[in-house]
Number of protein chains: 2
Amino acid sequence: MDRLLTLIVDDHPIVVEGLKTLLKNEQNLKIVASFHNGTDLLAYIETNRVDLVLLDVTLPDINGMDLCQIIKKTSLSTIILILSNHTERSIIMQTIQNGASGYLLKNSSLDELRKCISESVQGNICYSREVMEIISRPGRNELRSTPQLTRREKQILSLLAQGKTSQVIADELFLSPLTVDTHRRNLLQKFEVKNVAELITTAHQQKIL
Amino acid sequence: MDRLLTLIVDDHPIVVEGLKTLLKNEQNLKIVASFHNGTDLLAYIETNRVDLVLLDVTLPDINGMDLCQIIKKTSLSTIILILSNHTERSIIMQTIQNGASGYLLKNSSLDELRKCISESVQGNICYSREVMEIISRPGRNELRSTPQLTRREKQILSLLAQGKTSQVIADELFLSPLTVDTHRRNLLQKFEVKNVAELITTAHQQKIL
DNA sequence: TTTTTTCTACTGGTTTTTAGGTATTTTCTG
DNA sequence: CAGAAAATACCTAAAAACCAGTAGAAAAAA
C-alpha cells in the first residue's frame, strides 16, 4: 500500500510545525502540503489526490465544519480528521455529521493521533479519550434547556445583572416595584435557581448574558 | 553571552513539538525542558536556573496568569513570554500585570516570536501585532482594572456565584456566617460594585469566573 | 523578628430579596 | 372574537443581604 498523502490545515504555524515533526517518522503517511486557511486547501484538493486531511475547526476564512462538507463533496475518498481545541459537544457532533472520521483535541498524545489515523483509514470513526467523554455525558448545563423568556423578563434580567434593585428598575421602566418583583420571581422559577446570583451565573453559562 | 536556558510549558504536545522544532536552530537559546502543567514547572524552577519561559495560559492545574506571579516570586530574573490563544484584553493585561514580558497569539509567525524573545531579554515588553491591536482599543467596560483577590475571596466568590447564602457557605467552610459576610463585603468593595448580582456580572466580564 | 496582610469574628441597624399567594388588564394568537 | 400568554399590581412575613465600624489571631512578607 502506498503511503497516505496527507494535508495539514491549521492557522497556527506552531501547530503545523509540531504536526510535521511528530509525523515525520511515520512510515505509512507522507505530508504533501500544509495550509493555513480553507481556500488554499480547496484549491489544492481540486487538482491533487489527497488521502487524509488533518483539519482545524478555527480558520480565518471558512470554518472546519463547513469545510468537511465541501471536501467530501469534492473528493469522497478523502478522510478527514479534526484537530481542534473546541470542547463543545455541538461542534464535535456537527463535524462528524458533515463527514469527518474523527475528532481529536490538540492536547491529545501522539499515540492517540496514530491510533485515530489508523482507525479512520479502515473506515471507522475515532475520538480521543477526552472527546469520548464529552460525547457520552449529555453535558451538565445542556441538560436543563434554556427557558423561554418574555421581552420584559429579558429586559429585567439584564438590569438585575447590572446590580440594580427592584426599586431602581421600577423607576427606570415606570413600573411598580412590586411588578418588578413578580418578574424577578418568575425569572428565578424559570431558571430553577434560588436567587439572583445563581440566576446570573446560569444565564452566563447559557450565553444569555 | 550564554545561550538562554528556555522552558516550554503547554498542555498541547503538538504545540510543544512545534516550538521545539521552530526554535531548534536558534543560536541564542537552548530548550532545556518542557512541561504540560504548572506544578512540574514550579518544581523544576525551584532547583534550576531558567532564563526564559514560554508559557501557555490554559493549563490543567494552575492558570498562566497566576503562574506568572509565582515564577517571578521564585526567580525574579526569569523572563516570561505568554503564548496563548486567548484574545481577551483582560487576560492579556493581567499577565503583564503579574510580571510577563510579552504576549503572543499562537498564530504568530516565527519572526514575531524571535522578535519578542530578543526584545524581552533586553528588558522590554513585547506583543505580537494582533495582541497590540487588542490592547490599543480600550474595551468598553474593561476600564477598571481587575482587583487582586485573596485565596479566600476567590473561593467565596465562586460559592456566591453558585447562589449560596452566607449561612450555607459558612457551614461549608466551617466559618462564622459573619466572617463570610465580611469577605463578601470586601469583594463588593474591591470590585466597586453595589451587590452580588453586579459582582458576578463584573467577574464574568473579567473572566474571573 | 518585625511588619503587613489576610482571615477571622463581632455589634447593631437598614434595606432588599425571597416566598407564599391573588387578581386585573393588556397583548398576542388561533 | 375567544382564549392564552404576558404584563401589571398588591399583601404579608420571614430570610438574607448590605452598611459601617472594630479588632484579635494567624499567616505571609520584609
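Here is the naming used below: chain letters follow the sequence lines, and residue numbers restart at 1 for every chain.
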(message) Other residues, nucleotides and ligands only: do more than 12 of their heavy atoms fall within 6.0 Å of CD on Gln122(B)?
(response)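 More than 12 within 6.0 Å, yes.
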(message) Does atom NZ (Lys115(A)) have a neighbourhood of more than 12 heavy atoms from anything else shown, all under 6.0 Å?
(response)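 No - once you tally the heavy atoms of other residues, nucleotides and ligands closer than 6.0 Å, there are 12 at most.
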(message) Base contacts versus sugar-phosphate-only contacts with protein, heavy atoms under 4.0 Å: please encode nucleotides 10-21 of chain D as B, S and - from 5' to 3'.
(response) B-----SSSBBB
Please check this pair: side chain of [X] against backbone of [Y], looking for a donor-acceptor N/O pair closer than 3.5 Å.
X: Glu153(A); Y: Leu149(A); answer: no
X: Thr74(A); Y: Ile70(A); answer: yes
X: Arg3(B); Y: Asn28(B); answer: no
X: Ser158(A); Y: Lys154(A); answer: no
X: Asp111(B); Y: Arg114(B); answer: no

(request) Go through the side-chain N and O atoms of Thr58(B) and His86(B) and say whether any donor and acceptor fall under 3.5 Å apart. (result)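 Note: Thr58(B) and His86(B) side chains meet the donor-acceptor criterion.
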(message) Going by side-chain contact (heavy atoms from CB on, under 4.5 Å), name the residues that satisfy it together with Ser108(B), two or more places apart in sequence or in a different chain.
(response)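 Applying side-chain contact (heavy atoms from CB on, under 4.5 Å) to Ser108(B) gives Leu104(B), Leu105(B), Glu112(B), Ser128(B).
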(request) Only counting residues at least two apart or in another chain, list the ones meeting side chain to side chain donor-acceptor pair (under 3.5 Å) with His12(A). (result)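 Residues passing side chain to side chain donor-acceptor pair (under 3.5 Å) with His12(A): Asn85(B).
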(message) Could you report the tightest heavy-atom contact between Arg184(B) and Ser166(B), atom names first, then the distance?
(response)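 Smallest heavy-atom distance, with atoms named: NH1-OG, 2.6 Å.
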(request) Please report the closest heavy-atom contact between Glu119(A) and Cys126(A), naming both atoms and the distance. (result)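 Smallest interatomic distance, heavy atoms only, reads CB-CB, 3.9 Å.
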(message) Under 4.0 Å from a heavy atom of chain A: give me the 5'-most and 3'-most nucleotides of DNA chain C that qualify.
(response)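 Here the contact window of chain A covers dT16(C) to dG21(C).
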(message) Using a 4.0 Å cut-off on heavy atoms, which residues in residues 149-156 of chain B reach DNA chain C? List them by number, or say none.
(response)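 The stretch gives Thr150(B), Arg151(B), Arg152(B) as the residues lying under 4.0 Å from the strand, ordered by number.
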(request) State, to the nearest 10°, the angle formed by the axis through the first five base pairs of the helix from dT1(C)-dA30(D) to dG30(C)-dC1(D) and the axis through its last five. (result)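 Comparing the axis at each end, I get an angle of 80°.
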